[in-house]
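This is a predicted model, so every value here is computed, not measured.
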Amino acid sequence: MIQQIKLSNIIILFISFLQINCKKEVKNFDTSNSSYTNTAIEDKSDKINHQIWIFDKVFEEAIDSIPVKDLENKTNEFKNSKIEIEDNIFKFDDKCKFEYVVTDKTPKTYWFNNVDTFIKYFDPYVKLSKDKKIKIYHELFPKEQCEYPSNEYILIDDAFYFISDGYIISFRKSGSPTISKTEFYDVIEQDKLPLTYNFDYIIEEKGYKDIPQNLYPKFNLDGLNYLKIKKLPSKNLINIYTVIGKNEEGQSNLYLFSMDNKNNVIDSIELYFSEEVDAGITHLKEFNISKDYIITINEYEILNGKKKDSSHNSYLIDDKGKFTKK
C-alpha cells in the first residue's frame with residue numbers, strides 16, 4: 001500500500017510539473033520503501049546519461065515447442081538493432097520509445113512457479129539463482145507501452161534480455177568484454193543432429209562460414225586452406241564446431257572441434273578425408289554424430305571401386321570437452 005501511494009504521488013507530481021511548464025529536473029526515485037528505482041536517470045539536469053546496448057545472441061533453445069521463426073531468422077531480425085537509454089528515455093531502434101521505470105525483482109519473484117524452467121533456459125549463458133537481483137525495465141505511463149519487440153526488458157549483470165517469438169534475446173552493453181553475436185563465432189550457422197557423412201554435404205559446404213586467415217593458427221590445421229566453419233549444438237557448456245578445408249590436392253578434410261565459452265580450442269578430431277594412397281587405392285574416412293553426441297568414425301580402403309573395412313571407432317565428449325574413445 002505504501003509503495004502504491006508513493007508511486008501515485010510521483011506520477012501526480014510529474015504531471016503537475018508538465019502542466020505548469022516548469023523546467024523539469026529529473027531525480028532518482030527514493031527506493032528506501034519502494035520497489036521502483038530509475039537507475040539510468042541522473043540528478044544533474046545539465047548532463048545527459050546516454051548508454052547503448054548492442055545485439056549479443058539468440059538463445060539456441062526456444063521456450064515454445066514450436067517457435068514462430070527459426071533461429072537464423074530471429075538472429076537476422078535483431079542483429080543490427082540496439083537499445084539506448086538517454087536520460088529517462090528507453091529506446092529500441094526506431095520501433096519503440098518510452099519513459100521508463102525499473103522494478104527490482106529476483107527470478108523467484110518475477111517468474112514465480114516457472115522460475116526453474118527459465119533458469120534452465122538461461123543456464124548455458126547466464127548463471128542465475130532464484131534470489132539473484134534483476135531489474136525489469138518498463139514504461140512509466142501505460143499509454144506509451146510498446147508491444148514490439150517487447151513490453152518488458154530484463155537487466156541481468158549489465159545485459160538486457162527479452163522474449164520474442166519464443167526465443168530469449170540478449171543485448172550486451174556497448175564496449176563490454178563479453179563475446180558478441182556480431183563477432184565472428186556468434187554469426188555462424190548451426191547444423192542439427194544427427195549429422196551423417198554425405199558426399200554432397202562435403203562438396204557443397206552449405207551454410208559454412210569462411211574463417212578469417214588471422215584465425216587459422218588457432219585451429220592448427222597445417223596444410224589446409226580455404227577453412228570454413230559451422231556450429232553444432234553445445235554439449236555440457238562446451239561449444240562444438242565442424243571445420244572444413246582443402247589440402248594441396250584440392251581434397252576436402254572435415255574436423256570436429258570443441259571450444260570453451262571464450263572459443264579457445266579444447267580438442268579436435270578428424271571426421272572425414274579421402275586420399276589416394278597408391279594407384280587404384282583410396283583411403284576414406286566417414287562419420288556419424290548422433291543426437292546424444294556419440295561420434296562414430298569409420299575408415300575404409302577402396303580398391304578398384306570396392307570398399308574394404310579398415311577400422312571403426314566411437315568417441316564421446318567428456319565434461320572437459322575432450323574427445324574420448326567409447
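Side-chain contact between Phe92 and Phe162 is present, with heavy atoms from C-beta onward closer than 4.5 Å. Ile85 has its side chain within reach of Phe160: a pair of non-hydrogen atoms, C-beta onward, lies under 4.5 Å apart. Contact annotation: the side chain of Leu256 never approaches that of Phe287 to less than 4.5 Å [non-hydrogen atoms, C-beta and beyond]. Considering only heavy atoms from C-beta on, Leu193 comes within 4.5 Å of Leu232 through its side chain. Side chains of Cys146 and Lys95 form no contact here, defined as non-hydrogen atoms less than 4.5 Å apart. For the pair Lys91 and Glu86, the minimum side-chain heavy-atom distance is 4.5 Å or more. The shortest side-chain heavy-atom distance between Lys306 and Tyr300 does not fall under the 4.5 Å cut-off. In this structure, the side chains of Ile289 and Leu271 come closer than 4.5 Å at one or more pairs of heavy atoms.
Under the 4.5 Å side-chain heavy-atom criterion for Ile, Leu, Val, Met, Phe, Trp and Tyr, Phe257 and Ile244 are members of distinct hydrophobic clusters. Taken together through direct or relayed side-chain contacts under 4.5 Å among Ile, Leu, Val, Met, Phe, Trp and Tyr, Ile295 and Tyr255 form parts of separate hydrophobic clusters. Hydrophobic clustering (side-chain heavy atoms under 4.5 Å, transitive across Ile, Leu, Val, Met, Phe, Trp, Tyr) groups Ile238 together with Leu195. Linking ILVMFWY side-chain heavy atoms closer than 4.5 Å, directly or via other members, places Ile211 and Ile266 in two distinct hydrophobic clusters. No chain of hydrophobic side-chain contacts below 4.5 Å, direct or via other Ile, Leu, Val, Met, Phe, Trp or Tyr residues, connects Tyr201 to Tyr226.
For Ile163, the side chain to side chain contact (heavy atoms under 4.5 Å, CB included) partners at least two apart in sequence or on another chain are Ile63, Phe118, Ile168. Partners of Glu152 under the salt bridge (Lys or Arg N to Asp or Glu O under 4.0 Å) rule, at least two apart in sequence or in another chain, do not exist in this structure.
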(request) Output, in order, the C-alpha distance, side-chain angles, deciding distance and verdict of side chain to side chain contact (heavy atoms under 4.5 Å, CB included) for Thr282 and Glu275. (result) CA-CA 5 Å; Thr282 300; Glu275 178 185 21; 5.9 Å; no
(message) side chain to side chain contact (heavy atoms under 4.5 Å, CB included), that's the test. Do Leu224 and Phe219 meet it? Break it down for me.
(response) CA-CA 10 Å; Leu224 292 186; Phe219 295 97; over 6 Å; no
(request) Output, in order, the C-alpha distance, side-chain angles, deciding distance and verdict of ring-ring contact (aromatic ring centres under 6.0 Å, His included) for Phe122 and Phe59. (result) CA-CA 8 Å; Phe122 272 88; Phe59 286 15; 5.4 Å; yes
(message) Could you go through Tyr241 and Asn263, starting from their C-alpha distance and side-chain angles, then the distance that decides it, and tell me whether this counts as side chain to side chain contact (heavy atoms under 4.5 Å, CB included)?
(response) CA-CA 10 Å; Tyr241 299 93; Asn263 286 308; 2.9 Å; yes
(request) Check the pair Asn298, Tyr197 against side chain to side chain contact (heavy atoms under 4.5 Å, CB included), reporting the backbone distance first and the verdict last. (result) CA-CA 10 Å; Asn298 303 313; Tyr197 164 76; over 6 Å; no
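Taking CZ from Phe55 and CG from Asn80, the interatomic distance works out to 9.5 Å, rounded to the nearest 0.5 Å. To the nearest 0.5 Å, atom CD1 of residue Ile54 and atom OG of residue Ser81 are 11.5 Å apart. If you take CD1 on Ile169 and CD1 on Ile154, they are separated by 11.5 Å, rounding to the nearest 0.5 Å. Here the straight-line distance linking atom NZ of Lys209 with atom NZ of Lys231 works out to 13.0 Å at 0.5 Å rounding. Within the model, atoms CD1 of Ile156 and NZ of Lys105 stand 14.0 Å from one another, a figure rounded to the nearest 0.5 Å. A distance of 9.5 Å separates CE of Met259 from CD1 of Ile240, quoted to the nearest 0.5 Å.
Contact detail for Asp292 and Lys235: the closest heavy-atom pair is O-NZ, 4.1 Å. In plain terms, the two heavy atoms of Pro194 and Ser290 that are nearest each other are CB-CA, 4.1 Å. Across Asn151 and His138, no two heavy atoms sit closer than the pair O-CB, 3.8 Å. Residues Ile202 and Ser252 approach most closely at CG2-CB, 3.6 Å, considering heavy atoms. Taking both residues in full, the closest heavy atoms of Val265 and Lys218 are given as CG2-O, 3.5 Å, listed atom of the first, atom of the second, then distance. The minimum heavy-atom distance linking Ile134 with Ile136 is given by the pair CD1-CD1, 4.1 Å.
Using a 4.0 Å cut-off between a side-chain N of Lys or Arg and a carboxylate O of Asp or Glu, Asp104 and Lys135 qualify as a salt bridge. Salt-bridge check for Asp158 with Arg172: failed, with every basic side-chain N at 4.0 Å or more from each acidic carboxylate O. With respect to the salt-bridge test (charged N to carboxylate O, under 4.0 angstrom), the residues Lys132 and Asp157 qualify.
Counting non-hydrogen atoms of neighbouring residues, nucleotides and ligands closer than 6.0 angstrom, the CG atom of Asn264 exceeds 12 such neighbours. When the shell of 6.0 Å around NZ of Lys308 is examined, it contains 12 or fewer heavy atoms from other residues, nucleotides or ligands. Within a 6.0 Å sphere centred on CZ of Phe199, heavy atoms belonging to other residues, nucleotides or ligands number 12 at most.
At distances below 3.5 Å, at least one donor-acceptor pair connects side-chain atoms of Asn239 with backbone N or O atoms of Asp260. Put simply, the side chain of Asp93 gets close to the backbone of Lys82: a donor and an acceptor are under 3.5 Å apart. Checked by atom type and distance alone, the side chain of Tyr216 pairs as donor or acceptor with a backbone atom of Leu227 at under 3.5 Å. Formation of a donor-acceptor pair under 3.5 Å by the Ser150 side chain with backbone atoms of Tyr153 is not found in this model.
Within the structure, no pair that satisfies the salt bridge (charged side-chain N to carboxylate O under 4.0 Å, His left out) test touches residues 310-323, not counting sequence neighbours.
Remark: aromatic rings of Phe323 and Tyr315 are distant, center separation not under 6.0 Å. Separation of the His283 and Phe273 ring centroids falls under the 6.0 Å cut-off.
Between the side chains of Tyr208 and Thr242, at least one donor-acceptor pair of N or O atoms lies under 3.5 Å. Looking at Ser129 and Asp131, their side chains never bring a donor and an acceptor atom within 3.5 Å of each other. Between the side chains of Asn288 and Thr196, a donor-acceptor pair is found at a separation under 3.5 Å.
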